[in-house]
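Everything below concerns the one structure shown next.
Just so you know, residue 1 is the first one in the sequence shown, and it goes up from there.
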Amino acid sequence: MNKEILKEEIQKYINANLNTDLHSLLLKKSPFSEVSIQEIVQQIKGKQVAQKKFPFLLKEGIIFPPQLNLEQASSEKTAVYKSEILKGKKFIDLTSGFGIDAYYLSENFDEVTLVEQNAELLEIVKNNWAVLGRKAKFINQKLEDFLNENEEKYDVIYLDPARRDNNKNKVFLLEDLSPNILEIQEKLLSISDEVVIKLSPLIDLKYLVSVLQDISRIDIIALKNAVKEVVVFLSNGNSGEIICNCVNLESGESTFTYTFGQEENAHSEYAEPEKFLYIPNNSILKAGIFNLISERFNLKKLHPNTHLYTSNEKVEDFPGRILEIEMVDNKQIKKKSQFNIISKNYPLKPDEIKKKYGLKDGGDEYLIFTQSKKGKIIVKSV
């Protein structure tokens, strides 16, 4: 970590170039002898990412790490959500990375420990936490070595395993992560009654339940309808129900809570489109609770493989989009009309539909191409 990057004139140069083309900037020579142009561009990228992902770091004195560390870091919004769940006396993050999760999760703890094997990244986090006025014990060590030497117990352990292999390819099975969660889960539960693990949004929930011990809770966290992470909670000695939460942050939608396994005993009724159409948010779709949603909200599905629902009376607290609709014939679709196109269980993708019917994308109205039990149908929002 080069602290020279914090000099006033260098920071002014960085801020003046926040909208500059970075490829062109990299071809230039650094105007400062103390820092390279690569270091300058790294800080510009960091500030650009922070504007959307973690704006609380847009403060004087903050240093940003390389691009990969920025990508792997949680967003401020998801970190805040998790911080509202956990509390206790002693907290440890065994894979602290850029420390976004640790910063927020540690708010409700008296003692905070961060373990990170990347020495330079840990120095950046130490600098930033000092700027932010947050104290912690910082340990530069491989997680496996720390666990072998550690004799302390913690109220909560947090991990966000690296999800790239040696060739930088993305992985998500627990045995392919670094660290291998399956190899250390018993050790983790021997030093804490609560272990919280952030995982890829691609992880399969049934697979998780089959390989992890003592799962008490699974949260599927979406932000503005994009699933960002699956968070699994291990609670020592838990052998009871697994509570699952489908969360869609910044959507105004309620969290949908269910017990893992309920879907197996749930059933759907089917109907042709009625007055209202319900499109589940992506956290619900990730959970795969298609019949449970139908049962819980007393809605009818259009088709076994069409995860759209309908009713004549509006259900206000549905976790997703609700549209008032009418059936349309393809002959009623005028060329050059503007619609938001949705294709569900339909042979054509939205781009293919737009091309076929000569439609423009956007506007306030929706055109949904889907399938009911009677066959292919088109419905329009009204």
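- For the side-chain contact (heavy atoms from CB on, under 4.5 Å) with Lys275, the qualifying choice from Glu324, Glu313, Lys314 is Glu324, the only one to do so.
- A continuous path of ILVMFWY side-chain contacts below 4.5 Å connects Leu94 to Leu182, so both sit in one hydrophobic cluster.
- With a 6.0 Å radius and a threshold of 12 heavy atoms from other residues, nucleotides or ligands, Glu9 has its CD atom above the threshold.
- Between the side chains of Glu149 and Gln141, at least one donor N or O sits under 3.5 Å from an acceptor N or O.
- Using a distance-only test at 3.5 Å, with no hydrogens or angles considered, no donor-acceptor pair links the side chain of Ser96 to the main chain of Asp93.
- A side-chain donor-acceptor contact under 3.5 Å links Asn225 to the backbone of Asn282.
- Between Lys7 and Glu34 there is a salt bridge, since at least one side-chain N of the basic residue sits less than 4.0 Å from a carboxylate O of the acidic one.
- Side chains of Lys301 and His307: a donor on one and an acceptor on the other come within 3.5 Å.
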Going through the distances and angles, do Lys59 and Leu132 end up as a side chain to side chain contact (heavy atoms under 4.5 Å, CB included)? CA-CA 9 Å; Lys59 288 182 170 63; Leu132 297 166; 3.8 Å; yes

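- For the atom pair NZ of Lys228 and OG of Ser283, the computed distance is 13.5 Å after rounding to the nearest 0.5 Å.
- Within a 6.0 Å sphere centred on CD of Glu71, heavy atoms belonging to other residues, nucleotides or ligands number more than 12.
- Tested against Asp351 for a side-chain hydrogen bond (donor to acceptor under 3.5 Å, both in side chains), the candidates Lys355, Lys354, Lys349 yield a single pass: Lys354.
- In this structure, Asp364 places its CG atom where only 12 or fewer heavy-atom neighbours from other residues, nucleotides or ligands lie under 6.0 Å away.
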The test is side chain to side chain contact (heavy atoms under 4.5 Å, CB included); show your working for Leu26 and Gln38 and say whether it passes. CA-CA 7 Å; Leu26 280 168; Gln38 288 80 11; 4.2 Å; yes

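- Between Lys374 and Glu272 there is no salt bridge, since none of the side-chain N atoms of the basic residue sits less than 4.0 Å from a carboxylate O of the acidic one.
- Side-chain atoms of Glu116 come within 3.5 Å of backbone atoms of Asn118 as a donor-acceptor pair (strictly under, hydrogens ignored).
- Remark: the backbone N or O of Lys187 is paired with a side-chain donor or acceptor of Ser190 at under 3.5 angstrom.
- Atom CG of Leu359 is separated from atom NZ of Lys334 by 12.5 Å, given to the nearest 0.5 angstrom.
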Would Thr255 and Asn245 count as a side chain to side chain donor-acceptor pair (under 3.5 Å) if you check the C-alpha gap in whole Å, the side-chain angles of each, and the deciding distance to 0.1 Å? CA-CA 6 Å; Thr255 295; Asn245 297 295; over 6 Å; no

Please determine whether side chain to side chain contact (heavy atoms under 4.5 Å, CB included) holds for the pair Ile215 and Ile218, giving the CA-CA distance in whole Å, both sets of side-chain angles, and the decisive distance to 0.1 Å. CA-CA 8 Å; Ile215 299 179; Ile218 299 172; 3.9 Å; yes

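- Atoms CD1 and CG, on Ile242 and Leu208 in that order, are 9.0 Å from each other to the nearest 0.5 Å.
- Judged by distance alone, the side chain of Asp101 and the main-chain N or O of Val80 form no donor-acceptor pair under 3.5 Å.
- By the neighbour-count criterion of 12 heavy atoms within 6.0 Å, atom CD of Glu264 is sparsely surrounded, having that number or fewer from other residues, nucleotides or ligands.
- Between the side chains of Asp219 and Tyr81, at least one donor N or O sits under 3.5 Å from an acceptor N or O.
- Note on ring orientation: taking the six-membered ring where Trp is involved, the planes of Tyr346 and Phe369 are perpendicular (angle over 60°, cut-offs 30° and 60°).
- Rounding to the nearest 0.5 Å gives a distance of 10.5 Å between CG of Leu199 and CG of Leu173.
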Go through the steps to decide whether Ile279 and Ile322 satisfy the test side chain to side chain contact (heavy atoms under 4.5 Å, CB included), and finish with yes or no. CA-CA 6 Å; Ile279 306 170; Ile322 306 170; over 6 Å; no

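- Contact check for Cys246 versus Tyr258: side-chain heavy atoms found under the 4.5 Å cut-off.
- With values rounded to the nearest 0.5 angstrom, Ile284 atom CD1 is found 5.5 Å from Phe256 atom CZ.
- A donor-acceptor contact shorter than 3.5 Å links the side chain of Asn108 to the backbone of Ser83.
- Residues Asn291 and Ser268 have side chains that bring a donor and an acceptor to within less than 3.5 angstrom of each other.
- The minimum heavy-atom distance between Val125 and Gly97, with the atom names listed, is CG2-O, 3.3 Å.
- Side-chain atoms of Gln43 do not come within 3.5 Å of backbone N or O of Ile40 as any donor-acceptor pair.
- Taking 4.0 Å as the cut-off between side-chain N and carboxylate O, Lys90 and Glu152 count as a salt-bridged pair.
- The aromatic rings of Tyr13 and Phe32 lie perpendicular to each other, with more than 60° between the two planes, well past the 30° mark.
- Looking at Tyr104 and Glu76, their side chains do bring a donor and an acceptor atom within 3.5 Å of each other.
- Arg134 forms a cation-pi arrangement with Tyr103, by the criterion of a distance under 6.0 Å to the ring centre and an angle within 45° of the ring axis.
- By the criterion of side-chain heavy atoms lying less than 4.5 angstrom apart, applied directly or through intervening Ile, Leu, Val, Met, Phe, Trp or Tyr residues, Ile377 is grouped together with Leu277 in one hydrophobic cluster.
- Residues Leu105 and Phe233 are members of one and the same hydrophobic cluster, defined by side-chain heavy-atom contacts under 4.5 angstrom among Ile, Leu, Val, Met, Phe, Trp and Tyr.
- No more than 12 heavy-atom neighbours from other residues, nucleotides or ligands sit within 6.0 angstrom of CD on Glu269.
- The environment of NZ in Lys47 is crowded: more than 12 heavy-atom neighbours from other residues, nucleotides or ligands sit within 6.0 Å.
- Counting only N and O atoms by type, the side chains of Asn281 and Glu253 include a donor and acceptor under 3.5 Å apart.
- No option in Phe290, Phe318, Tyr309 other than Phe318 meets the ring pair (Phe, Tyr, Trp, His ring centres under 6.0 Å) test with Tyr278.
- Between Glu8 and Lys12 there is a salt bridge, since at least one side-chain N of the basic residue sits less than 4.0 Å from a carboxylate O of the acidic one.
- The two residues His303 and Ser372 come nearest to each other via the heavy atoms CD2-O, 3.4 Å.
- With 3.5 Å as the limit, one finds a donor-acceptor pair spanning the side chains of Ser235 and Glu194.
- Residues Tyr158 and Lys82 bring a donor and an acceptor atom of their side chains to less than 3.5 Å of each other.
- By the 6.0 Å contact criterion, CG on Asn236 is enclosed, its count of non-hydrogen atoms from other residues, nucleotides or ligands being greater than 12.
- Geometrically, Lys300 does not engage Tyr270 in a cation-pi contact, judged by NZ or CZ lying under 6.0 Å from the ring centre and within 45° of the ring axis.
- Rounded to the nearest 0.5 Å, atoms CD (Glu250) and NZ (Lys224) are 4.5 Å apart.
- Within the 3.5 Å criterion, the main-chain N or O of Thr78 finds a donor-acceptor partner in the side chain of Ser75.
- Between Phe98 and Phe54, the ring-plane angle classifies as perpendicular under the 30° and 60° cut-offs.
- Side-chain atoms of Thr306 and Asn345 include a donor-acceptor pair closer than 3.5 Å.
- Between the side chain of Tyr357 and the main chain of Asn330, no donor-acceptor pair closer than 3.5 Å is present.
- Not one N or O on the side chain of Asn127 forms a donor-acceptor pair closer than 3.5 Å with the backbone of Glu123.
- Residue Asp21 places its CG atom among more than 12 non-hydrogen atoms of other residues, nucleotides or ligands, all under 6.0 Å distant.
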